[in-house]
Each structure stands twice: as C-alpha cells, then as structure tokens.
Amino acid sequence: MTGQALLFVYLGAVGTIFLLNVVQWSFFRNWIYGLFTLQTGIWFVYSFFNRLVGEDTPLSESQNMALISLVNGLVTVIFLELAHRLFPDGQPGSRPGTWTGRSQLAYGSLLLLEVSMLLADESWQQTGTGRLVSITYWSLTSLIYVVGAGLAFRRQDVVGWFFAVGSLLMLVHTFNTLFYYTGFPWQLSQSPESVNVHVRLLSSGRILQLLCFSLALAFRQRQLAVSQAIEQTQQTAQLVQGQLENELIVQRLEQEKIQVQLRALQAQVNPHFLFNSLNTLSFLIGSDPERAEVFLDELCKVYRYVLRANEQEMTDLQSELQFIRSYYHLLKTRYGDSLHLTIDVPPLYESYLLPTLTLQLLLENAVKHNVIAKTRPLY
C-alpha cells in the first residue's frame with residue numbers, strides 16, 4: 001500500500017469513528033460521549049492538517065514538536081476527564097474529582113511550559129533543561145495512561161477491558177514520541193520500507209485505540225440501558241405490588257364497612273322489641289285474626305324501612321313520620337291505653353331531611369326509660 005493510499009485509509013477510518021461518535025452524542029447528549037467525540041475530532045483535525053495541509057506549509061522541527069505536544073496534551077486532559085467520569089470509584093481522595101482536577105492543572109501547566117519553550121526557541125530541546133522538561137512531560141503523559149489503564153482494569157468488565165486496551169495503545173504512541181523527540185530515536189533502518197512499516201503500525205494502533213474506546217462507550221451505554229430497564233421493571237413491580245396492596249386495603253375496608261353496617265343493623269333491630277312483637281302477634285292470631293293481620297302488615301313496614309335505612313344516610317321527614325306511625329302501631333297494640341302519641345308537624349317541614357331512624361331512636365328511648373302503666377300512661 002502506497003503512502004497516499006495509507007493516508008486516505010487512516011483519515012477515512014478516523015473520520016468515520018469521529019462521525020459515528022458525533023451521531024451517538026447527538027442521540028444521548030452524554031458528557032462522556034461528548035468528551036470522546038472531542039478527543040476523536042482533535043485526532044482527525046490534526047491528522048488532516050499534518051498529512052494534507054502540512055505538505056504545502058511544512059513546519060520546522062521545533063514547531064512540529066510543539067504541535068504534537070499540544071495535540072497529545074489536549075487529548076490527555078480529555079483522557080483524564082473520561083477516566084474520572086467512567087471510573088469514579090477508583091480514584092483516591094475523600095472528594096470525587098479532586099485528584100483529577102489537580103492532575104489536569106499540573107499537567108496543563110507542564111504542557112504550556114513545553115509548548116511555549118518549543119515555540120520560543122528552536123534550540124530549546126537541545127539544551128539539558130529543555131530535554132529534561134520534554135522527558136518529564138512525556139513521562140507524565142505515559143504515567144497518566146498507565147494509571148488510566150489500571151483504573152479500567154479494576155472495573156473487571158468489558159467496558160474496563162476495552163478502555164484499558166485503548167489506554168495501553170495510547171501509551172505505546174507516547175513511548176514512541178518520548179524516544180523519538182527526546183534524543184533517543186528508535187534503532188530503525190532509515191530505508192523507506194522500514195519507515196513505511198513503522199507508520200503503518202502507528203496508524204493501525206491509533207485506529208485500534210479509537211475503536212477500543214468506542215466499544216467501551218458502546219458497552220457502557222448498553223449497561224446503562226440494561227440497568228434502566230431493570231430499574232423500570234422493579235419500579236413497575238413495586239407499582240403493581242402497591243396497587244395490589246391498595247386493593248387489599250380497599251377490600252378490607254369494604255369488609256369492615258359491611259361488618260359495621262351489620263352491627264348497626266343489629267343495633268337498630270332490637271331483639272327484645274322483635275321478641276315482644278312476635279309474642280303480641282301470636283296472641284292476636286288466636287284472639288283477633290283481623291288485628292293480627294294489620295299488626296303483621298305494620299311489622300313488615302317497620303322492618304322493611306329498617307333494612308332500607310342501611311342503604312341511605314338521610315331521609316325526608318314525611319317518610320320518617322310514616323315509619324313512626326307503623327312503629328307506634330306495634331307499641332300501641334302491646335301497651336294499649338297506657339301509651340299515647342301525638343304528631344303535630346306542619347306539612348311545610350315534611351320535605352326536610354334528617355338522619356334515618358332519628359325519631360325512632362327518640363321514641364324507643366322514651367318507651368324504654370319511662371314508666372308505662374294504666375294508672376300512669378305515657379304521652
């Protein structure tokens with residue numbers, strides 16, 4: 001493969017990865033996707049400038065080294081932020097992000113020193129101080145990738161493994177730059193074929209590194225989707241469980257309501273009153289069948305009203321008075337002239353509402369708590 005063909009393959013691969021991550025970031029709008037898209041974009045722009053534009057406007061050795069340092073520095077700062085956001089539990093310190101922020105600040109300061117010195121003096125790298133600064137800068141860059149790979153391996157899942165492999169591939173590129181630009185070049189043959197093989201390996205490694213990071217983010221997104229699905233399933237199960245519990249509570253309340261209504265009905269139907277009424281009915285059947293028939297009709301009216309009273313809380317005064325007349329008829333049959341009832345209610349008030357059986361309770365208590373005798377009739 002010629003150098004020109006290799007150039008287009010490399011740019012095409014990096015550009016494709018960049019566009020794919022732009023699309024993914026536009027869908028998810030996630031900071032991690034945004035950072036990696038920015039990192040991939042930096043590599044693409046640098047490669048495009050270096051391989052195409054740089055041929056028309058060649059840079060000096062010092063300017064080229066400054067550009068490489070700047071590009072690698074920006075990528076490394078983004079790498080630090082990616083590692084912080086992907087593996088926050090693996091960082092030391094009491095407050096998350098403190099270690100990352102200080103590392104980025106220290107590394108950025110060293111990067112500015114390296115770039116500014118290279119641009120200010122082309123012979124800066126040949127001095128002992130300049131070489132020491134460059135070695136420190138590229139060594140710190142290598143250390144950052146080693147730490148990132150270690151944090152990723154501690155995760156022990158496919159996301160961590162792909163991120164760690166990508167970190168190690170970046171480490172290989174950093175070592176290559178470290179040895180080449182600090183006065184310790186690789187012991188390579190200067191033949192075009194050897195240089196071509198070296199460039200192919202570095203280009204393939206860069207593409208593989210970007211693919212590893214892309215796969216790490218893709219698997220992370222899949223894990224997040226699975227976690228969200230599990231969480232939604234749990235929330236749905238909790239909602240269903242809560243609904244079932246609410247239904248059970250409603251059923252329990254309905255049962256308690258029925259029991260309360262039954263007890264209220266039992267309290268309304270006085271067993272003694274029913275027993276006395278049946279005794280009176282039994283006596284009338286033998287002595288006066290016609291009165292017994294009327295008595296039985298009034299008794300039915302009374303208990304029909306009592307049963308219907310359970311279904312409605314309020315009734316009009318006219319219905320309550322009709323019930324009172326039937327109820328009084330039963331009492332009158334039993335007590336005779338010892339009991340007298342006078343009803344004097346203007347028709348104007350008969351449409352008024354009142355709680356059911358209110359007057360019955362008054363009449364029942366009046367009979368129950370007073371003396372009823374022929375000598376002392378109750379009015």
Side-chain angles (χ1 to χ4, degrees), residues 13-44 75-104 144-171 205-254:
V14 176
T16 302
I17 296 174
F18 171 66
L19 291 177
L20 286 175
N21 282 278
V22 168
V23 173
Q24 288 181 319
W25 176 79
S26 64
F27 274 110
F28 300 114
R29 293 302 177 96
N30 187 281
W31 258 103
I32 293 179
Y33 269 113
L35 289 171
F36 181 64
T37 301
L38 179 61
Q39 186 186 70
T40 311
I42 292 174
W43 281 125
F44 178 73
V75 168
T76 304
V77 170
I78 296 174
F79 174 85
L80 274 170
E81 190 65 25
L82 279 172
H84 161 62
R85 292 181 180 272
L86 281 172
F87 317 107
D89 296 336
Q91 300 189 29
S94 56
R95 292 189 304 172
T98 303
W99 177 83
T100 303
R102 291 175 180 174
S103 301
Q104 289 172 330
I144 289 174
Y145 294 139
V146 171
V147 173
L151 293 176
F153 270 123
R154 289 178 59 180
R155 178 159 173 157
Q156 292 295 315
D157 64 355
V158 66
V159 176
W161 296 332
F162 274 117
F163 191 89
V165 173
S167 303
L168 294 178
L169 290 172
M170 294 185 75
L171 180 63
R206 180 71 68 200
I207 295 172
L208 185 59
Q209 163 225 313
L210 295 176
L211 284 175
C212 286
F213 284 150
S214 297
L215 289 173
L217 296 185
F219 277 107
R220 175 184 176 272
Q221 192 62 38
R222 182 176 180 275
Q223 289 178 350
L224 291 177
V226 172
S227 300
Q228 290 176 355
I230 293 175
E231 184 178 357
Q232 290 178 355
T233 302
Q234 292 176 346
Q235 291 178 352
T236 303
Q238 291 176 354
L239 290 175
V240 172
Q241 182 179 0
Q243 184 177 1
L244 292 176
E245 291 177 352
N246 290 335
E247 290 178 356
L248 290 176
I249 292 174
V250 171
Q251 292 179 359
R252 190 179 303 113
L253 291 176
E254 289 290 340

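At least one side-chain heavy atom of Met170 sits less than 4.5 Å from a side-chain heavy atom of Val75. Inter-residue side-chain proximity for Trp161 and Cys212 is flagged as unmet; no heavy-atom pair is nearer than 4.5 Å. Two residues are said to be in side-chain contact when any heavy atoms from C-beta on lie closer than 4.5 Å; Leu211 and Phe162 fail this criterion. Within the 4.5 Å cutoff, side-chain heavy atoms of Ile144 are placed close to those of Phe79.
Distance check: Gln243 CD to Gln238 CD gives 14.0 Å after rounding to the nearest 0.5 Å. Leu151 contributes atom CG, which lies 11.5 Å from atom NE2 of His84 (distance to the nearest 0.5 angstrom). Rounding to the nearest 0.5 Å gives a distance of 10.0 Å between OG of Ser227 and CD of Gln234. Once rounded to the nearest 0.5 Å, the distance linking OG1 of Thr233 with CD of Gln228 reads 11.5 Å. Expressed to the nearest 0.5 Å, how far CG of Leu208 lies from CG of Leu215 amounts to 9.0 Å.
Closest heavy-atom contact between Ala164 and Ala149: CB-O, 3.8 Å.
Ring centers of Phe219 and Phe163: at least 6.0 Å apart, outside the cut-off.
Here the rule is side chain to side chain contact (heavy atoms under 4.5 Å, CB included) with Glu247, and of Ile249, Leu244, Val250 only Leu244 fits it.
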Q. Which is it for Thr76 and Tyr145 under the side-chain contact (heavy atoms from CB on, under 4.5 Å) test, yes or no, and what are the steps along the way?
A. CA-CA 8 Å; Thr76 304; Tyr145 294 139; 2.7 Å; yes
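Residues satisfying the ring-ring contact (aromatic ring centres under 6.0 Å, His included) test with Phe153, not counting sequence neighbours, are none.
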